[in-house]
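Structure first, then comments.
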Amino acid sequence: MSAPTSVRQPVLQARGLVKTYGKVIGLDGVDVDLYPGEVLAVIGDNGAGKSTLIKALTGAVVPDAGELRLDGHPVSFKRPQDARDAGIETVYQTLAVAPAL
Ligand SMILES: Nc1ncnc2c1ncn2[C@@H]1O[C@H](COP(=O)(O)OP(=O)(O)O)[C@@H](O)[C@H]1O
Ligand SMILES: [Mg+2]
C-alpha cells in the first residue's frame, strides 16, 4: 500500500526553471513535482516549452535559473549523461532516431 500523498516525497522536483533563447522565453519559472510511480503528461501548444522542459530535466539544456532536486537532493545536470547517471533516461519522439522505420 502506498503512503498517503501528504507524506510522500516527489522523486523529482523542479522550482523556478528559466530558459531563454535570446529574446525568446522557453521556460518562465516552471515548477514541477513528479511523484514515485506517477505518469505525468505535459500538454501545451506548439512552442509552449514542453521540449525545453524535458531537456532541462534531463541535462540536454542547462537552465538559466531554477533548481532541480532528485529524491530531495539538489542536482545540476550539465549534459544528458549526468541525468542518465542519476537514473533519468529520455526517449525522444523523433524520426531521426530510426529513419528506416
Ligand atoms: N534551440 C533553440 N533555439 C532558439 N529557440 C528555441 C530553441 N528551442 C526552443 N526554442 C523556442 O523556445 C520556445 C519553446 O519551444 P519548445 O520547448 O520546443 O516548445 P514545445 O516543445 O512545447 O513545442 C519556442 O518559442 C521555441 O521556438
Ligand atoms: Mg516539443
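First listed ligand is number 1; within each ligand, the first listed atom is number 1. All residue numbers refer to positions in the sequence shown, counting from 1.
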Exercise. Heavy atoms under 4.0 Å from ligand 1: which residues qualify?
Worked result: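 For ligand 1, the contacting residues are Y21, V24, G26, D45, N46, G47, A48, G49, K50, S51, T52.
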
Seminar exercise, completed: With V32 as partner, the option from V42, L53, L68 fulfilling side-chain contact (heavy atoms from CB on, under 4.5 Å) is L53

Exercise. So do P74 and E67 actually touch side chain to side chain, heavy atoms under 4.5 Å?
Worked result: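 No. Closest side-chain heavy atoms not under 4.5 Å.
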
For this session: Report yes if some heavy atom in the side chain of L34 is under 4.5 Å from a heavy atom in the side chain of L57; otherwise report no.
Result: no

For this session: Please indicate how many protein N/O/S atoms are found closer than 2.8 Å to the Mg ion (ligand 2), with waters neither displayed nor included.
Result: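 Those protein atoms number 1 in total.
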
For this session: List the steps and the verdict of salt bridge (charged side-chain N to carboxylate O under 4.0 Å, His left out) for R69 and D33.
Result: CA-CA 10 Å; R69 287 175 178 263; D33 288 328; over 6 Å; no

Exercise. In the hydrophobic clustering that connects Ile, Leu, Val, Met, Phe, Trp and Tyr at side-chain heavy-atom distances below 4.5 Å, which members other than V18 occupy its cluster, ordered by chain and number?
Worked result: none

Exercise. Should L70 and I54 be counted in the same cluster of Ile, Leu, Val, Met, Phe, Trp and Tyr side chains packed under 4.5 Å apart?
Worked result: no

Result block: side-chain N/O donor-acceptor pairs under 3.5 angstrom for residues 75-85, not counting sequence neighbours:
residue, atom, partner, partner atom, Å
S76, OG, K78, NZ, 2.9
R79, NH1, D82, OD1, 3.4
R79, NH1, D82, OD2, 3.4
Q81, OE1, R84, NH1, 3.3
Q81, NE2, D85, OD1, 2.8
D82, OD2, K78, N, 2.8
D82, OD2, R79, N, 3.3
R84, NE, E89, OE1, 3.0
R84, NE, E89, OE2, 3.4

Seminar exercise, completed: Minimal heavy-atom distance between Y35 and R8, with the atoms involved, is CE2-O, 3.5 Å

Exercise. Rounded to the nearest 0.5 Å, how far apart are CG of L27 and OH of Y21?
Worked result: 7.0 Å

